Each structure stands twice: as C-alpha cells, then as structure tokens.
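One structure is given here, and the rest of the page talks about it.
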Amino acid sequence: MKYNFNEIEAKWQNYWAEHQTFKAENNSDKPKYYVLDMFPYPSGAGLHVGHPLGYIASDIYARYKRHKGFNVLHPQGYDSFGLPAEQYAIQTGQHPAITTETNIKTYRRQLDQIGFSFDWSREVRTSNPEYYKWTQWIFIQLFESWYCKVHEKAFPISELIALFEEQGNYTLNESCNESVDLFSAEEWNSYSSEKQQEILLNYRLAYLAETEVNWCPALGTVLANDEIVNGVSERGGHPVIRKKMTQWSMRISAYAERLLQGLDTIDWTDSLKESQRNWIGKSVGASVSFNVNDHDEVIEVFTTRPDTIFGVSFMTLAPEHDLVSKITTEDQKAEVDAYIEATAKRSERDRMADVKTISGVFTGAYAEHPFTKEPIPIWIGDYVLAGYGTGAVMSVPCGDQRDYDFAKHFNIPIPNIFEGVDISEEAFGDKDNTIIANSDFLNGMNYKKATKRAIYELEQLGQGEGKTNYRLRDAVFSRQRYWGEPFPVYYVNGMPQMIEQKHLPILLPEVEKYLPTEEGEPPLGRADVWAWDKKNNKVVSNELIDNENVFPLELNTMPGWAGSSWYFFRYMEEVANRDGAFATEDALKYWENVDLYIGGSEHATGHLLYSRFWVKFMHDRGFVGVDEPFKKLINQGMILGTSAIVYRLSFYGCQGQRNKYGKDTVGDNLNKVFLSSKYIDEIERIFSENKLDKEFRLTLRRSKLNNGLSHSNTNILNNLSDLLFSITTENTTQISIGMNSFQNLYSDVSFINASDELDIEAFKNWREEFNDAIFIGENGEIIENNNDVYKVGREVEKMSKSKYNVVNPDSICEQYGADSLRLYEMFLGPLEQAKPWNTAGITGVHGFLKKLWKLFVDDNGLKVNDVEPTKDNLKTLHKTIKKVEEDIENFSFNTSVSTFMIAVNELTAQKCTSKAILEPLLVLISPYAPHIAEELWNRLGNDQSISTAPFPKFEEKHLVESSKNYPISFNGKMRFTIELSLDLSKEDIEKAVMAHEKTIAQLDGRTPKKVIIVPGKIVNIVG
RNA sequence: GCUGAAGUGGUGGAAUUGGUAGACACGUUGGACUUAAAAUCCAAUGUCCAUUAGGACGUACGGGUUCAAGUCCCGUCUUCAGUACCA
C-alpha cells in the first residue's frame, strides 16, 4: 500500500474541520496556553513558501502543548484594513471590501491545505464592523483619559476635570503638551466650555494637535516613519515631504518609562529588546536655561553632561528653532537667512547622509553663562535637529566630538576642563575617567559627583534641573485613507466630540472614488452621507449639517496599527459572547495574555511597541488584567529565494567581412547564445588570475586562439572559440569577449532540477524571445536532444516576482504533500535565521515520510504487531523522545526533524514492528507531520484524533549503557577508540588503555608525561 | 558611527555544559534492479599526500589560555539586520 499523501491529507483536514478538533474551551481544568501568530494582511498575491514558516513553527508548538495536556488557544485571523486593497480600488473601482474578501478566501484555502490546528471559530478581521466597533471604543477610552506622572498611570479625564475645578493645574504633574498655560481653579471655572475643551485636548491620551508629518502627495496620505524607506514611500517609492497638519495623536510618550521597564519582565530576544530600547531612547541629564543677552528670551537646552557646564564655549540652535529670527542681529541677518533657506532645501536624507561637511552661521547674539556670566556666542547649525530635545544644545567642544569639529572649523575657543587630558587632536568623551578642572566649584570631582553638584547649583539659580529625555515621540493616528477604521468623532465648532458607545460602530461610508478630494481632503470627504445627527444618534446626509443638531464627521481614518494593537484579546472570546464587550471579563481572566507570539522582526518598533502601549493603557483603566501582551516572542527568519541565472551573450565585438551583398551578417547569431555557468566561472577565473581590467576583451580568432595570455587552462577558450564560430556566419573572423559580454537573465526556478540543470524546452517555450535560443552546455556541446546539460548560476535573494524565484506552497503540497512542506520548512535551518529555499532538497524529507509509512504498512497492509520491543527498539524510542522534547522546548525544530530521520532509519534497520514502539513514535511526529500521523494512528485502531494523545514519557533506564567507546587522544588528537566498561575506575581505564597494542604502537617506546582521563568521556595521553 | 546577530565541506546545516568537527539531508560518483526512464536499494564522498597501512592540514584571519578550543580571552576582517549627527 502506497503512501498516498494527497488523499490522506484531504481526509484529515476534513475530519478536523468537521469534528472541530482544535476548538479551544474557555472552561477547562487543564492549564491554558495561548499560541499566536502575527495575523497576515491578505494580499492579492497569496502565500509563497516563506509565509507559512512562522505558522508551522507555532502550530508544532501548539500541537505539542496539547499533547502535554494544555488547553491551547491557537487562533488565526486577518489584518484586513490596509493600503493595497485601497490602491486596487483606486485603479479599478472595486470596493476594497470585495478585494479583501476574495483575498481572504485564497489565504484560507492555502492555509487549510497546510493542515494548521487553528481554531477558526474565533477568527477576527479588523475590517469587520463587529470588530472595529471595539477599536473605535478603545479610541474613545484613550480620548477620555489622561496620564498622571505621580501615579505613573492613566485615569479618566473626569478626574482631571475635578482636579482643575478644585486646584487648577499649578500643582499637578501630568503628561501634557508643552504649550499649556498655568491656571487656577477660579480661572478654570470661569473658562467657556470651548476653552476648557481646548485645554483638555492637551491632556488626553488621544488628542488633536498640529503636527509635522510625512506627507506623500502621490498617495495623498501621511506616512509613518517606518513606512518610509530611504526618503521615499515604502509602497510605490513616491517622494515624501514634511508638512504641518492637524492630526490625531497618541500620547505614547507618557508610557516611555513603563515601556522601557516592562522589557525586563518579558521573554523576548535581546536584539528585539535592544531595538525597542533604542527607539524609546532614554537619556538622563539636565535641562539648563541660558538667558539671551539684550533680550527677554531664554534658551532651553537638554544635556547629558551638566558636569561640563564650564566647558561651554558656544551654543548651537537648529536652523528651524523659533528663537533664531528673534535674536539674530542686523549684521548677521542676511547670512542667517541664507543658511536657513539652504537647509530647508536640503532633504532630511541629504542632511543625514552628509555627516562630514560642517556648516553653521553665527547669529550675532550672545547668551549668558549661568555661573560665570560670560557671554557665549549663539550659532545655528544643521547638526542640531529641531525634532530632538529642545532643538538647541550647549556646545562643549572639549567633551563632544561634533562640538569639537564645529569649533575647530569656525575657530571658536576650546577650553579644556579635564584634568590631565590632551585635547589638541580630538574631544575627550570618556566620562568614566573624567576629573573636572577649571570649573570653579566642580574642580577635582568625577563625572557622577560633578553632575549632581552642577544640577544642585543650577536649581539654586533657578536655571535648570535634572531631567530625563526620551526620543520616543507621540504617534500620529490619522490617515488620509478610505480603507481603515472611521473615527467615532464629530465636530462642534471645530472641537472634536465622541459618539456614545451605544451607537457604535460608526460604519465606513460609501464613496464613489477612493482618492482624496480635489481640495486635498481625505477620501471620506467624498462621502455624501457622513454627518452626525446628535438628536437621533445616527449618520445622516451631509446636506443636513446645520451645526446645531447635525455636525460634520471626522474625515480621517485610523492607521493600520489600530486594529492590530488589541486583536489578541478578541480571540479570547467565543463568538457567541462577543457582542457585549471587546472580550468578557471571564475570558480575559482565563487567557490572560499571549504565552508565545511568533512573527517577523520588521514589527519591532511598530506593532510590537504600539500594542504594548495599548495594553498598558487598558490595564491602567482596568479593562484588562495584564500589562504586557506577549510573554514570549520569537522572530522567524525570512525564507529567501534561490534565483536561477542564465547567461546570454550580448555582443559588441565581432569582426569580419560583409557578405556579397554588402550586408553585415557578422556574428548575427551570437545574441541568442546562452553559456552554461562553467564558462562564466572560467572566464572570471582567467580575468582574476591575469589581473585583467573589467574592460579587457579576450580575442578569439577563427581556427586559432590568440589572446597572448598565460593561464592554466586555455582549452576552455579554444573549445568556446570553436563553438562560437560554428554558430556564426562564414564571414566572422574575430570575436572579442570580456566580462561585460554576458547578460544575466533570470529563469523561472521551476525549470531547474536538483542538479541546477535547466529544462531547456520549458525555458524556450516560456517567452517568445527565447524560442530560438542556442545553449552551450557544461561539456562543451551545443545542446540538441539531451546531448549535454545547461547549468544555471544561483543567487540567494528575497523572493520576488521579478526574479522568478517565488515558490508557491500550493504546488509543493500537490507534489509532495503538506507534511513534506511542513517538515522541510523546519528542516531548512534554525527558525530565527534567514535561509534560502531550494525545492530540490524536499525529496529528503519526502523520502523520510515514505520510509516512515513503510515502517507501518507494506503490500499486505498494516504490519505492526504486539511483539515485545527489543532493548535496541526501546533505546531508539527513548533517545528520540528525549531529544524531540528538548528541541521543541528550545524551538530547535530543525534538529528534531533529523532526530526523526535517525529514529526511522534505526527502527527500519532493526526491523521493528512493535506497536509499543511505533505508536508513541507517531505522537512525537504528529506535531510536525500531523496528517500521516493521524492516518497511521487511526490504522493502529485508535478512534480518537492523535492530537488528544498524551506525549510519550521519557524513561532514562532505557538509555543506560554499560560500556563506552572511548576516544583515545594523543596530545589532543584523536587516534582510535577502545570499548571499555563504564564501571571501570580511572586507574582501571588507564591500565586498559596503556596496555592496548595501539597505544603501545602510537607511543613507540616513549613514556607519556601525563594521562588525562575523564570517565565516560575521553582519554588524552600527553607526551 | 552605534547596537544586535552571524561567519563550519560543493549546498542547507549539526556539534545545547571546553572532550571523537562535519550528525541529518541535498548534490556528486560508482554499483544493483529495469529493454529504458522514473522510483527504490547498496557503497563512497572535508582538502591534500600515500597503491595499501597510514599521515598532514582543516570551523573568516592573527595571537593567547588549556592535557584538550568551532566553543573561552585579546585583536582584525567580512556579511546581514536595526538605527539616531540624540546633545
């Protein structure tokens, strides 16, 4: 009986679906375990073999945990709002919902055929109204909250209002925008409701503010920093400019410290935590105010080195700094304006790339040193960034290399305030070995002490204080797009108002076109029915807007990360109970948070930071019990494609006589010629051995080679010469060939066999331009009727359509089966590592599955019986149990596949037919190759799914050995092995080894200086 | 620049605590079966020297510690990912 994987896999996929085998229970005596994948955006291209890698790993873990007696939640869904469907809608007019639905169908079919143990009954889609209702609800909660820095916690805004009414804002410490003025309780109470709302906006965690944004005119939308790659939009590569706009923002900066501290409580990789730490960018130091001479202005700076305050010899402002225009003197105005204009023209990209050029201008103004009262010249320079800190720095050239370079360049004095340090060549930045000098009351102190003292003195003067700065900026939350969550917001006199929870969801309106309006409004500006009737609590036609009862609704939509910041809670709730809340209290309490999260590292500073922020907020407000969403996180590495490259001659150098009609037919066939990769390697070798310039051309002449080169192998060129002349017309007398004579073209990888040989017929028929191609093969033949083979060059790079290296899982499943695909993806290498896909290798794991099958079934049917297992059988089984269990716990799935292969090879050699061995083996394999495991399990007479079977128990006693094959080394080099009993003492081992004939031969009469014996491991003889 | 990860046969990769480097698989070569191909099975396969026996070299490069180093320490180079001229 053959291993008919197609039939088996379809059978069990249907069985699992029908029996809801993987449905999680919210009431269970078992311990819970929540395994989650980053849900996919359903793109039109469907899945390629790289996508399921993480899903396969998480599925193995989920299935393993079920065997281990856990109640496992392993759901899946779709991040179904997003730009591609909208772009498609703009091009074709098809509603994004339809595109999305179609794509989801494809995804589901592809996912199903791989045999995942997802609980689809809990599926979520972020674009479903029943889902985004709760995204809108969370947004409202954020709007209705403020952050108290004293309690490090968010509270309802109503409590802040109560505080304002009682004591104004003089005494409060809360996270708010910088611009808020101080007011007393009386003043607050006297403000109009509008003014109060305006003030409150500065405190809300979701707030409306004018922000500088990355505006992409071509897409008509704002982009996040991580959506911009090299200064152009990630999608489409359009230019991006900076622009001020009124936008919804999220006050994630309030949570900077907690997001940082929380990293210590979760099991993520160091590199990922480090990314987040860098992104949050905490630096501890002081803020210092410098009074500007002859002005009322004060320059605020942030510094991490207040201890170097006496080393300040100038100040530098960002060219965009507000004070620049106020303090610049008449004399310097022209120069300053010119500089500002020049900077504005340079893109952010230019400014960042060009680190070496030092530029700046003196403003003519001076600030006063807080302690010495000396005047300090104020400069502007583009190395100071407006967006970080206060956009101004106190420059200490002796302690900071950039300040040093700037001072040197403009001949500004560089006072030395470090004891015993030479600063004639470069700045001294080593704060751990610093002793301060020439600094009044700081003299003789180290960095730590001087910092404390400087801050103390600044505080006495009222010109500074200790301060912690974070790089993390508030996150812009508005997108000028159609296919996203609409805001539950309408405007009364320009002030945003929330729609009450009971009227949610606010459904996305219909529009005729999905483009921004001609006036530059977002696509929702095209909706005719997009106004809020406050009396009747419903969305009504825009014509009814009267700004008394009917008001305009928000035109922006939410960004992609809104829906993905909380979806893991939605899965916790069974569909039947989903209406009343985003998840019930019981469900949240039972499932808590995600135990294992698997996904790509590209979300390190986006999704993974935003969802932590939302969860912390929801925790503060008591909506959830946990304050971190993902306990353990693993990033799967990318699966790369192995492109196949064919080399086409592309000629510039042919000479000869014209034909009798005077027509130039010289070499006219050569541009159809493809050379096998051997020739390319050889020619490259000849070029490098002779140190030839890339432009050099080898000259091939008819019937003789004349290139004047000394190299080891001219045969290949002679042979090539013969071949090429046989292809060209009679008139060709000379062919020049160089490194640039080859055009590297991609072949579709499906035309390549396991030995890198091209299927020439398939390639010729692939595209018209290749129909009459001529191939020169590895053995120096012009290929006709399989007389030679053509080998392609291979290159590992990202899978992409244009490189024809994309492999689709559908064809793999059809040809080898889902179990082979699953095993092979794991077998490729460590989960977290990037690795190339090469379909050729899949025969290895496929062959393994066939061997496994044959262990159970032969031509007469099932051959498993109740015979007593042998010692060897038991040893193999228990060795395998131990290794596989350790591997799964360590996410080392590649090595367990090898372990299975070894086990099956051994059991085959042992001719094992014992059910006591083979049945537990199936359970071990079932997380990896569930279909074949179910089938054989079923054939062994089990009527329950194998997924309910307990994981086999490892028993040490079967692995206990009585003897060991000792490696005997001489001076650390292993020479031979000796089989010795493990009971022997050190002395006995030494005796046995020294008496052995091979030892005597090896020593050749010498007496060893020393014999190292590690019982059970090794013997090393020195001397 | 900084941070993080990595560098092992022709290829993907093993070696989890310093103890037989190259497991497992692909590919290659030879053989069996077959009219033939596919499939399957058997054997060999790090490099070099040697008919054999055996030997030398070998985990990016240069040093070091150790009876023993892919693994630990110091220095250098290369690749990949992230990032911020961050005061």
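Lettering of chains follows the sequences in order, A, B, ..., and the numbering in each one begins at 1. Since this is a predicted model, take the numbers as computed values, not measurements.
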Under 3.5 Å donor-acceptor pairs involving side-chain atoms of residues 842-850 of chain A, not counting sequence neighbours:
unit_1	atom_1	unit_2	atom_2	d
A:T843	OG1	A:A840	O	3.3
A:H846	ND1	A:Y816	O	3.2
A:H846	ND1	A:S820	OG	2.9

For [X], give me all partners under salt bridge (charged side-chain N to carboxylate O under 4.0 Å, His left out), at least two apart in sequence or on another chain.
X      : value
A:E906 : A:K879
A:K964 : none
A:R975 : none
A:K875 : A:E961

Restricting to nitrogen or oxygen on both sides, can you table the protein-nucleotides 13-18 of chain B pairs closer than 3.5 Å?
unit_1	atom_1	unit_2	atom_2	d
B:G13	OP1	A:Q833	NE2	2.8
B:A14	OP1	A:N894	ND2	2.8
B:U16	O4	A:K883	NZ	2.6
B:U16	O4	A:D887	OD1	2.8

Mind checking if [X] touches a base, just sugar-phosphate, or nothing, with heavy atoms under 4.0 Å?
X      : answer
A:T843 : sugar-phosphate
A:D400 : nothing
A:K850 : sugar-phosphate
A:R975 : sugar-phosphate

Phosphate-side-chain proximity, A:N753 and B:G27, N/O vs OP1/OP2 below 4.0 Å: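 No, A:N753 has no side-chain N/O under 4.0 Å of OP1/OP2 on B:G27.
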Short side-chain N/O contact from A:S271 to OP1 or OP2 of B:U3, under 4.0 Å: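 False: A:S271 side-chain N/O out of range (4.0 Å or more) of B:U3 OP1/OP2.
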Please tell me whether [X] and [Y] form a close aromatic pair, meaning their ring centres lie under 6.0 Å apart.
X      : Y      : answer
A:Y388 : A:F302 : no
A:F5   : A:Y3   : yes
A:F410 : A:F314 : no

How long is the line joining [atom1] of [X] and [atom2] of [N], in whole Å?
X      : N     : atom1 : atom2 : answer
A:Y816 : B:C26 : OH    : C1'   : 12 Å
A:L272 : B:U83 : CG    : P     : 12 Å
A:I842 : B:C24 : CD1   : P     : 20 Å
A:M974 : B:G55 : CE    : C1'   : 14 Å
A:F848 : B:A25 : CZ    : P     : 10 Å
A:K973 : B:U20 : NZ    : P     : 15 Å
A:D403 : B:C86 : CG    : C1'   : 12 Å
A:Q401 : B:A84 : CD    : P     : 22 Å

[X] side-chain proximity, nearest of [options]:
X       : options             : answer
A:R402  : B:C85, B:C41, B:U3  : B:C85
A:K854  : B:C24, B:U28, B:C41 : B:C41
A:I1018 : B:U83, B:A23, B:G19 : B:G19
A:K851  : B:C24, B:C41, B:A84 : B:C41

Syn/anti label of B:G9 as read from its glycosidic torsion, with the cut at 90° from 0: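 Syn conformation for B:G9.
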Contact nearer the 5' end of RNA chain B, comparing A:A392 with A:K998: A:K998
Pairwise 5' ranking along RNA chain B for A:S755 and A:Y388, keeping only the more 5' one: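 First, find each residue's nearest nucleotide; the 5'-ward one identifies A:S755.
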What is the pairing partner of [N], taking Watson-Crick or G-U wobble pairs with both distances under 3.5 Å in any strand?
N     : value
B:C24 : B:G12
B:C61 : B:G75
B:A37 : none
B:A56 : B:U47
B:G82 : B:C2
B:A68 : none

Counterpart residues, side-chain contact (heavy atoms from CB on, under 4.5 Å), relative to A:D264 (two or more places apart): A:Q261, A:R277
Any residue meeting side-chain contact (heavy atoms from CB on, under 4.5 Å) with A:E832, in chain and number order, not counting sequence neighbours: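 For A:E832 the side-chain contact (heavy atoms from CB on, under 4.5 Å) partners, ignoring immediate neighbours, are A:T269, A:I634.
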Pair listing, side chain to side chain donor-acceptor pair (under 3.5 Å) test, anchored in residues 309-318 of chain A, at least two apart: A:T316-A:Y383, A:T316-A:S395
Nearest non-hydrogen partners of A:T977 and A:P967, listed with the distance: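 The pair with the smallest heavy-atom distance is CG2-CA, 3.9 Å.
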Between the protein and nucleotides 65-72 of chain B, which nitrogen or oxygen pairs are less than 3.5 angstrom apart?
unit_1	atom_1	unit_2	atom_2	d
B:C67	O2'	A:N1020	ND2	3.0
B:C67	O2	A:N1020	ND2	2.9

Proximity to RNA chain B (any heavy atom under 4.0 Å), residues of residues 300-313 of chain A only: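 The answer is A:F302, A:T303, A:T304.
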Between A:S601 and A:N635, a side-chain donor and acceptor under 3.5 Å: no
Listed partners of A:F856 passing ring-ring contact (aromatic ring centres under 6.0 Å, His included), at least two apart: none
